[in-house]
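None of these values were measured; they are calculated from a predicted model.
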Amino acid sequence: MQLQRLAIAVILAYSGVASAAIIPSGIQKNVSAAQIGNWGWTECSRTGAAVMTSVSTVLASCQGDYLAMGVWDASLGSYGVVGMGDWSVVSKVLYSDHFGDNNGTTQNWSNGLNWYRTSGAGSWGFTTAGETALNTADVNLNNGFGNAYGGGTDERTLAAGLSFHVNNGNLISGWAYNPTGSNFTFIEGADQRVFWVANSNTAAISEPGSIALLGIGALALIRRRNRR
């Protein structure tokens, strides 16, 4: 009986460890800190609105199968927007800078969002639209009114999303988000950039899986013994 209880406990413990993070599709709006925790994501980077930090530092600290980025909006007391996607897609460089290489139609989708990143001067973020005008970091979120600055493709849809300013590989001040496509919001003051990581189920269960097999084997031996 004691062995049977032990085997059941091992299997239950395995079930808890094996659970993967929840990855909601599309843009997430007005998300609480508790909700992020319940989804099973691990925070890996947080910087203030005016604090410069390198993209390479963020990526080095945020290693996993999935990467999420969001804005802590101090005026709301919650995350104004959060987007989650495959790590390789979210981190992919699409543009060298915002001059001369923007056709506004790049498709780099993961988990219901179109991700974009420039290595030089430009932006890093996501949008719900199929257009990513990058001559300024936040033009593709400008309430669908189009590009007023020239040098890029006009945005003709109400694009929700997030855009962090990038300059020569650094995240800098002057960024924005739009939770609905018609609610353009500048990031400033006490607002913060936040990144999280999560792993897939396969990566999470490699070692516990061996323990679970031992538990199942123990149950089989117990049943065989009882039959005898």
Side-chain angles (χ1 to χ4, degrees), residues 21-53 55 58-59 61-62 64 66-87 89-91 108-118 122-134 136-145 147 155 157-167 170-198:
I22 297 172
I23 309 172
S25 179
I27 189 171
Q28 307 302 309
K29 299 169 285 187
N30 197 15
V31 181
S32 68
Q35 183 62 73
I36 295 289
N38 290 338
W39 285 337
W41 288 73
T42 300
E43 183 179 315
C44 54
S45 178
R46 180 183 291 263
T47 50
V51 177
M52 183 175 73
T53 186
V55 173
V58 172
L59 293 178
S61 301
C62 300
Y66 302 98
L67 181 61
M69 60 172 63
V71 172
W72 174 258
D73 190 323
S75 65
L76 294 176
S78 64
Y79 297 102
V81 292
V82 176
M84 304 167 173
D86 184 86
W87 195 97
V89 175
V90 177
S91 63
N108 188 44
W109 293 87
S110 178
N111 199 37
L113 296 170
N114 195 7
W115 299 85
Y116 53 89
R117 178 185 161 202
T118 53
S123 56
W124 184 16
F126 56 83
T127 177
T128 57
E131 302 174 1
T132 53
L134 296 177
T136 63
D138 42 41
V139 69
N140 65 312
L141 303 176
N142 198 17
N143 292 341
F145 297 144
N147 180 347
E155 186 68 39
T157 58
L158 292 179
L162 167 64
S163 195
F164 292 150
H165 272 220
V166 173
N167 188 16
N170 295 309
L171 293 170
I172 60 174
S173 60
W175 31 288
Y177 77 94
N178 196 326
T180 64
S182 57
N183 187 19
F184 183 86
T185 305
F186 277 115
I187 307 301
E188 54 190 10
D191 300 337
Q192 298 172 320
R193 312 178 196 89
V194 189
F195 292 82
W196 301 265
V197 289

Which atom of Val89 lies closest to which atom of Ser110, heavy atoms considered: CG1-CB, 3.6 Å
Check: Ser45 side chain, Phe195 main-chain N or O, donor-acceptor pair, under 3.5 Å: no
Ala21 to Ala198 - nearest heavy-atom pair and separation: CB-CB, 3.5 Å
Closest non-hydrogen atom pair between Thr118 and Val166, with its separation: O-CG1, 3.4 Å
Pairwise side-chain contact, Trp41 with Ile23, heavy-atom cut-off 4.5 Å (strictly under): yes
Val194 side chain near Glu43 side chain, heavy-atom distance below 4.5 Å: yes
Option among Phe126, Phe164, Trp124 that satisfies the ring pair (Phe, Tyr, Trp, His ring centres under 6.0 Å) test with Trp115: Phe126
Validation row: Thr53, Asn170 side chains within 4.5 angstrom (heavy atoms): no
Whether Gln192 side chain and Ala190 backbone form a donor-acceptor pair below 3.5 Å: no
From Leu171 atom CG to Met69 atom CE, the distance as rounded to the nearest 0.5 Å: 8.0 Å
Arg193 side chain reached by Val58 side chain, heavy atoms, under 4.5 Å: no
Heavy-atom check, side chain of Asn114 versus side chain of Asn108, under 4.5 Å: yes
Pair listing, salt bridge (Lys or Arg N to Asp or Glu O under 4.0 Å) test, anchored in residues 30-39, at least two apart: none
For residues 72-81, which side-chain N or O atoms pair as donor and acceptor with protein atoms under 3.5 Å away, sequence neighbours left out?
unit_1	atom_1	unit_2	atom_2	d
Asp73	OD1	Ser75	N	3.0
Asp73	OD1	Ser75	OG	2.4
Asp73	OD2	Tyr177	OH	2.6
Ser78	OG	Asn30	OD1	2.4
Tyr79	OH	Arg46	NH2	2.6

Side chains of Leu59 and Trp87 in contact at under 4.5 Å (non-hydrogen atoms): yes
Asn111 side chain vs Met84 backbone, donor-acceptor pair below 3.5 Å: yes
Euclidean distance, Ser173 OG relative to Ile187 CD1, rounded to 0.5 Å: 12.0 Å
Distance-minimising heavy-atom pair for Val197 and Cys44: CG1-SG, 3.9 Å
Point-to-point distance, once rounded to the nearest 0.5 Å, from OG1 of Thr128 to CD1 of Ile27: 6.5 Å
Side-chain donor or acceptor of Trp175 paired with backbone N/O of Leu162 under 3.5 Å: no
Over all atoms of both residues, closest heavy-atom pair of Ser123 and Tyr116: OG-CE1, 3.3 Å
Separation between OG1 of Thr42 and CD1 of Ile36, rounded to the nearest 0.5 Å: 11.0 Å
